[in-house]
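Accompanying notes for the structure given below.
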Protein chains: 2
Amino acid sequence: MERAQLANNIFSYFNDLGGEIDWRALTTPLDVHVTEKGQYLFQQGDSAKRLYFLHSGLVRYVSVSDQGKEFTQTFAQAPRIIGSTRAMVTGSPVLFGIQALEDCVISSYDWAEFYQQMRHDNAFLECYLHFLESIFIAKEERESTFVKDSAERRYLNFCQAYPTLKERISQQYIASYIGITPVALSRIRQQLKLSNQG
Amino acid sequence: MERAQLANNIFSYFNDLGGEIDWRALTTPLDVHVTEKGQYLFQQGDSAKRLYFLHSGLVRYVSVSDQGKEFTQTFAQAPRIIGSTRAMVTGSPVLFGIQALEDCVISSYDWAEFYQQMRHDNAFLECYLHFLESIFIAKEERESTFVKDSAERRYLNFCQAYPTLKERISQQYIASYIGITPVALSRIRQQLKLSNQG
DNA sequence: AAATAAAATTAACCTAGGTTAATTCTGTCC
DNA sequence: GGACAGAATTAACCTAGGTTAATTTTATTT
């Protein structure tokens, strides 16, 4: 894909958030990354002060606990902004890695430069604001499902919310997304199968 | 407290998020609410399309599961913006109630009007954007603690992060904030006492 | 198609935290 | 200061999900 084409993907993604953004102020060069299935765009602990955009493919945000257990925070499908708001804003190391679950085309801008150039555009600020609102709402819903629902409910919710993802993602990652072990997920699926047969 | 004084509290809170906001565009009238200890500002399921500001006091965001169990999402201390971003943005009923843990003075603006009047001010957008970034980051950290840490760790984290809150809040609410029962929290405290004595 | 590796299932056992209920402690109201 | 209510503790028992390990299924590679 051409660089100009990639940039256009990003521009129209932002515009679709509800604005008429004037992109002429943007002169920051765009980087292109091709990440193969299984590989990491960046690892937990890295510095990741860039705004990434997933043009094609599928990734997961993985964070690893002190005890070495992997936990999937999010799945993200193209086309979408990806990356760590926290790392971009605070400059601190990322709390999760981004792993490609399928071959991906990803591009990126340096966030500080991007924001410096675009912050004077009202339409841009409004779009970015809507983006932040949407990811906040998603996190809030996720928080609620973790505390209120059983693992079985969380699995059913996932299947209902992401019927297509369910087919593209291996079960171990679904388990790590709903916060249980693959063994427990298998058990739950077994029980569901039995109870559905009546 | 005078209405003008209350409005100034809100203005300077926003300004402190890093901007020079021109508030002259704002003509929306401000409402004043006085909420006594134990009372609710609004209940889960209500429509809450206002931007609330907590001038004094302490509240918790409470959501109740289908099985009738209470869960505390957040504690918020004055001075702070409170309310539901989700309800303001989507217009859907709130997923949590706000309960006063101490007597509170709260004021509010209709969000849609407020935003309509202020959205043309770049400095305002930037400040609100920083606010959204900060609440998103807080949620992300909370998500991570829920999945990675044991209840004991979560309790210790809470005590370290909010040493003063710990004294002001009854244990049952701390338990519901870290996602366990009061009985379990009591057990954990007991174990900590024992292990600290060596 | 055979060989290998990775993923999913199943079973046996274990543990953190839930549940219920009795008991003590801490207010706060008259 | 006595009486009552709500909060916290403790104990006994229960359950969802973790752990380990053996077995089968499914994907990859040659």
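Naming: A, B, ... by sequence-line order, numbering from 1 per chain.
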Starting at [atom1] of [X] and ending at [atom2] of [N], how long is that distance when rounded to a whole Å?
X	N	atom1	atom2	value
Phe146(B)	dA16(C)	CZ	C1'	15 Å
Lys193(A)	dT9(C)	NZ	P	6 Å
Tyr155(A)	dA8(C)	OH	C1'	12 Å
Glu152(B)	dG17(C)	CD	C1'	13 Å
Arg154(B)	dA16(C)	CZ	P	13 Å
Ile188(A)	dT15(D)	CD1	C1'	13 Å

| request: Specify the residues of residues 163-187 of chain A, ordered by number, for which at least one heavy atom lies under 4.0 angstrom from an atom of DNA chain C. | output: Ser170(A), Gln171(A), Gln172(A), Val183(A), Ser186(A), Arg187(A)
| query | Under a 4.0 Å heavy-atom cut-off, which of residues 62-70 of chain A touch DNA chain C? | reply | none
| query | Would you say the ring centroid of Tyr52(A) lies under 6.0 angstrom from that of Phe42(A)? | reply | yes
| note | Note: His55(A) and Asn9(A) closest approach over all heavy atoms is ND1-OD1, 2.8 Å
| query | Closest heavy-atom contact between Phe53(B) and Pro79(B)? | reply | CZ-CB, 4.0 Å
Protein and nucleotides 23-30 of chain D: nitrogen or oxygen contacts under 3.5 angstrom:
none

| query | Which residue pairs satisfy the salt bridge (Lys or Arg N to Asp or Glu O under 4.0 Å) criterion with at least one member in residues 153-182 of chain A, sequence neighbours excluded? | reply | Glu102(A)-Arg168(A)
| request: For residues 20-46 of chain B, pull every pair meeting salt bridge (Lys or Arg N to Asp or Glu O under 4.0 Å), keeping only residues two or more places apart or in separate chains. | output: Asp22(B)-Arg24(B), Asp31(B)-Arg50(B)
Sub-3.5 Å donor-acceptor pair from the side chain of [X] to the main-chain atoms of [Y], do we have one?
X	Y	answer
Ser186(A)	Pro182(A)	no
Ser65(B)	Gln67(B)	yes
Thr74(A)	Ala76(A)	no
Asn122(A)	Asp121(B)	no

| Above 12 or not: heavy atoms from other molecules or residues under 6.0 Å from OH of Tyr162(A)? | no
| said: Heavy-atom count check: over 12 atoms from other residues, nucleotides or ligands less than 6.0 Å from Lys139(A) NZ? | reply: yes
| Salt bridge or not for Arg60(A) and Glu70(A), using N-O below 4.0 Å? | yes
| task | State plainly whether the residues Arg86(A) and Glu140(B) are in salt-bridge range, i.e. N to O under 4.0 Å. | result | no
| said: Need the bend value for the helix from dA1(C)-dT30(D) to dC30(C)-dG1(D): angle between end axes, 5 pairs each end, nearest 10°. | reply: 50°
| task | Establish, with yes or no, whether the OP1 or OP2 oxygen of dT9(C) is under 4.0 angstrom from a side-chain nitrogen or oxygen of Gln190(A). | result | no
